[in-house]
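Start at 1 and go down the list; that is how both ligands and their atoms are numbered.
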Amino acid sequence: MKIRHTLAKLAAWAGLATATSYPVIDSNLAISIATNPNISYVDISLSHYNKPVLYVGGSPFFYNGIQIRSDNLRQVWDMTPEEIGQTYQVAADAGFTVANTQLYWLDVQPDSAYAASESTYIQGGSSASANFAQSVNDEISYQSDNITAQSLTYLKFDFNNYTLDQIDAAKVRIYVPAVANNNQPFTANLYGISNNTWSAGTLTWNNAPNHNGINVTGSGDYWLASSSPSWDPILSVSYYDFDASDFIINHCPDKIASFILQPQVNLTSLVNGASVAGALSAKPPSLVLSSTASWDYSYVDTMLGWAEGADIKLELLWFGSDSSGTTMDTRVPYFVYRHILVEKVQTDGTVVPMMVKNHGAAYGVYWYLSDKNDLSLRALEKTALKNVMNHIAEYNHANGNKKTIVGIDVSNEGLVDEIQAGTGGGTIYENPVTWSARPLFSSEAAFVQRTMWEFQVNLANAVKESKYPVWTRSNINKGLSVQITYNELMRQNGGTSVDFGGLDPYINNATLLWQFGHNQVAIGGTNVNWAMGSNVPMIMENGGEYTNSEWLILATVAGGGYYNVYDFMDQESYNMWVPANRAAGNYTPVPAGSFVAGIISTNNLLKSLSSDLATKVPNGAGGTDLVFFNTLNDGNNLTNTLSSVPITYTPTTGGVGIGIVQSKEVIVLTTTRDAYFTLTGIASHASVQYANGHPYHYNITGQDIIIEILQNTIVHIRLKNSHHNGTV
Ligand SMILES: *[C@@H]1O[C@H](CO)[C@@H](O)[C@H](O)[C@H]1NC(C)=O
Ligand SMILES: *[C@@H]1O[C@H](CO)[C@@H](O)[C@H](O)[C@H]1NC(C)=O
Ligand SMILES: *[C@@H]1O[C@H](CO)[C@@H](O)[C@H](O)[C@H]1NC(C)=O
Ligand SMILES: *[C@@H]1O[C@H](CO)[C@@H](O)[C@H](O)[C@H]1NC(C)=O
Ligand SMILES: *[C@@H]1O[C@H](CO)[C@@H](O)[C@H](O)[C@H]1NC(C)=O
Ligand SMILES: *[C@@H]1O[C@H](CO)[C@@H](O)[C@H](O)[C@H]1NC(C)=O
Ligand SMILES: *[C@@H]1O[C@H](CO)[C@@H](O)[C@H](O)[C@H]1NC(C)=O
Ligand SMILES: *[C@@H]1O[C@H](CO)[C@@H](O)[C@H](O)[C@H]1NC(C)=O
Ligand SMILES: *[C@@H]1O[C@H](CO)[C@@H](O)[C@H](O)[C@H]1NC(C)=O
């Protein structure tokens, strides 16, 4: 087939042309093949159809999707479940065949957060007998030559009702409403103390346990839980996290935890005026407990309910240890932070932070980079996704076997990259611990490529091994399209469990999107053919705000690809719908512009042609039985030949025509806008009917048939015997 490429070419693209065997990082990683009945899969055999075909529930499936940011609708806009469910209904009514939405690792393995039950601070000198329990904010200050400007904050948390036996990680998150008066950064120390009998209401400098002046010491046990890392000193109004895993796991048998927060102390330091939001504040300190034994599928069920209520298929976008190239604290359980690459010590001793901070409500406080070659992290994440899939199998069984979830995106724009403060990205960090296989690879790029592939295969294996096997896809970072080349190469050399990879181009150039499905495209700087090998070329995100989206969808399908809109509605600027009146709390979705009407109309037309669109190769990709007229809605490509019949399309006011050879006797014609079709030379061998068989009015000029077809009407041209070989 024209669009499929040879192995040698794939190998050359992957830079591995001379390799005879391929180095690996995890030698135990095998490729899993579903043994439970496939809910969905990609038929790449080409034995039924001349292209890879998506199957759902045993039937070919036409993919035309839209992403719904249920996460942001829920967390940023506080929309109710009913309001979010409505977005699925509108997407379904708009003719999309699939909705896709985020499932965070944190959604299914939630942490538990406990607000401080009490807090206060103590201050020396003339305040030594004063109690500050009624203060909303608690001070942490230190001025070496003025003891009245020295203070410590005491925190207490009661997690007595925590039911899990196992805690794998814990942290204390504080909010700093005021930094040091001199605006200089300072670090802080979090000490755990065994004394839980102190009470905020009576605590003073004179009677507080475990301190001697500003120093934490004393008769009862105390442990330094953690200090501000050098890359995250207190310097701006923000949240700050302090790890408390060891203290909580090993030193809190009563499930009550007391802490002292101490400002950086040295003979010259000056920390005046800094404070921490206290237990009485709106942003109290919180103790976050994280357990690998924590499971909660209620949100998965909620999402299934949204999709089933709207009768639309659903794909889950797994937002795990990497989503969009980062490990976000709003998306992963805290125990994952035991597997992150936080900082790198350079040869000259300087420490480079590998995190960025403060992205707001939707994106959390800290972004890190977890280590994709940390095999214990891979195992934890695989377990999480596999348990989700097994839960979905149970849900599906108990709720009418609707097979609502049809696919899993195992990776969203993943990266192996340094995250550096201020830049959000950088060079590759060669971790000396987990990069031990690095010398086996000819280059860092080859190692990174393998890292990304193994990371994705590990997750795809979870899906395939589960009781609910569906197609697995990867939304490949624009700059890393070589990953798709590598996946195809591996498919030929031992297999892959990642069924296909796609791209987020964010372009509104219909020509490029048309080319995407069958040809090399220069999008994002890397030139590959996304239809190589057995890959299903899919535009996985493209801006919903593009007013020519209707033509972009048609161009993509005409070129051999599938299209997915980003996104339905949220706080970003890519929406196809907007809330009717957000200020007034009315979240009823209304189209973002008049262009949406055309999309709804065209989507529903495409949906009615699903089985042909799912199985036939369009003319853009070299097919002959599915053709598009005026493909890019630019007045070109008005003529095609179907079943040897030359057909000319004459749009009235723009529009794209579609012709399908449904059988030897039947040509199907339709159009997204009112148009005329001229069928040359067949007036005596053909008749024209509605899809239901009723006669359709048409004119004859000489031997030509001229048909006016109104928008979205489907017309059948029935070819009589003499056109072909005399049989009917
Ligand atoms: C599921 O589909 C895959 C192709 O994607 C196939 O190799 C496998 O045998 C199927 N599994 C079952 C149980 O039918
Ligand atoms: C010492 O600190 C206290 C509290 O900030 C302040 O009121 C006082 O003026 C300071 N004394 C001197 C001598 O700076
Ligand atoms: C446990 O206690 C906290 C308060 O410390 C409360 O917010 C939370 O709802 C309780 N959880 C359960 C399951 O009772
Ligand atoms: C704990 O702190 C309280 C308040 O300062 C004190 O009265 C008590 O003696 C302390 N307990 C121990 C065991 O040090
Ligand atoms: C606190 O510790 C520092 C450093 O060890 C020391 O210089 C200082 O004298 C101590 N302060 C008190 C009140 O013990
Ligand atoms: C003491 O604190 C100052 C900031 O107040 C800091 O610049 C300096 O590095 C600190 N010295 C030590 C030894 O920690
Ligand atoms: C769209 O892409 C095509 C193919 O690369 C290019 O020739 C054309 O100039 C582009 N159109 C616009 C408006 O950028
Ligand atoms: C339009 O027709 C020209 C000439 O045959 C061809 O080169 C081009 O690929 C076609 N474009 C589309 C979008 O079908
Ligand atoms: C067919 O002919 C009639 C009468 O001349 C005309 O009104 C109509 O527009 C024609 N339809 C087409 C499809 O050409």
Side-chain angles (χ1 to χ4, degrees), residues 30-48 52-61 121-128 130 132 135 139-152 178 180-182 205 213-214 263 270-275 389 393 403 406-408 457 460-461 463-473 487 491 494-500 505-527 529 533-536 542 546-548 551-552 555-556 559 620 631-634 636:
I31 299 302
S32 301
I33 295 166
T35 54
N36 289 304
N38 287 305
I39 301 292
S40 74
Y41 67 102
V42 186
D43 177 8
I44 58 170
S45 67
L46 305 189
S47 59
H48 300 98
V53 172
L54 302 175
Y55 272 78
V56 171
S59 303
F61 184 79
Y121 68 98
I122 60 171
Q123 197 164 59
S126 57
S127 299
F132 298 99
S135 181
E139 294 188 8
I140 42 171
S141 55
Y142 179 73
Q143 183 178 331
S144 54
D145 60 357
N146 180 354
I147 195 169
T148 307
Q150 298 185 4
S151 54
L152 295 167
N181 288 340
N182 62 7
W205 183 266
I214 199 72
L270 181 65
V271 180
N272 279 335
S275 62
M389 301 313 294
K403 301 183 174 70
V406 296
I408 301 293
V457 163
N461 279 350
V463 176
K464 299 300 184 186
E465 289 167 20
S466 79
K467 296 180 179 131
Y468 194 88
V470 289
W471 71 59
T472 52
R473 64 174 175 99
N487 194 48
R491 199 195 297 277
T496 179
S497 49
V498 177
D499 292 322
F500 56 101
Y506 288 95
I507 49 170
N508 60 4
N509 181 326
T511 306
L512 279 173
L513 293 177
W514 177 75
Q515 287 170 352
F516 170 83
H518 60 275
N519 211 339
Q520 241 166 273
V521 279
I523 298 177
T526 317
N527 227 342
N529 183 340
S534 298
N535 194 48
V536 177
N542 209 35
Y546 296 142
T547 55
N548 63 341
W551 315 116
L552 300 179
T556 304
T631 315
L632 308 180
N633 193 33
D634 59 359
N636 293 313

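For Asn38, the side chain to side chain contact (heavy atoms under 4.5 Å, CB included) test picks out Ala34, Tyr41, Pro469, with sequence neighbours left out. Ile33 is linked by a side chain to side chain contact (heavy atoms under 4.5 Å, CB included) to nothing, counting only residues two or more places apart in sequence or in another chain. For Ser497, the side chain to side chain donor-acceptor pair (under 3.5 Å) partners are Asn461, not counting sequence neighbours.
The shortest N or O to N or O distance between Asn509 and ligand 7 is under 3.5 Å. Where the criterion is an N or O separation shorter than 3.5 Å, residue side chain and backbone included, Gln143 fails it with respect to ligand 2.
Listed by chain and number, residues touching ligand 1 at under 4.0 Å (heavy atoms only) are Ile33, Ala34, Thr35, Asn36, Asn38, Tyr41, Val42.
For the pair Asn272 (side chain) and Ser141 (backbone), a donor-acceptor distance under 3.5 Å is absent. Of the possible donor and acceptor atoms, one in the side chain of Lys464 sits under 3.5 Å from a partner among the backbone N and O of Val470. Listed for the Asp43 side chain is no donor-acceptor partner under 3.5 Å among the backbone atoms of His48.
Ser127 and Thr148 form no side-chain donor-acceptor contact under 3.5 Å, judged by distance and modelled atom types alone.
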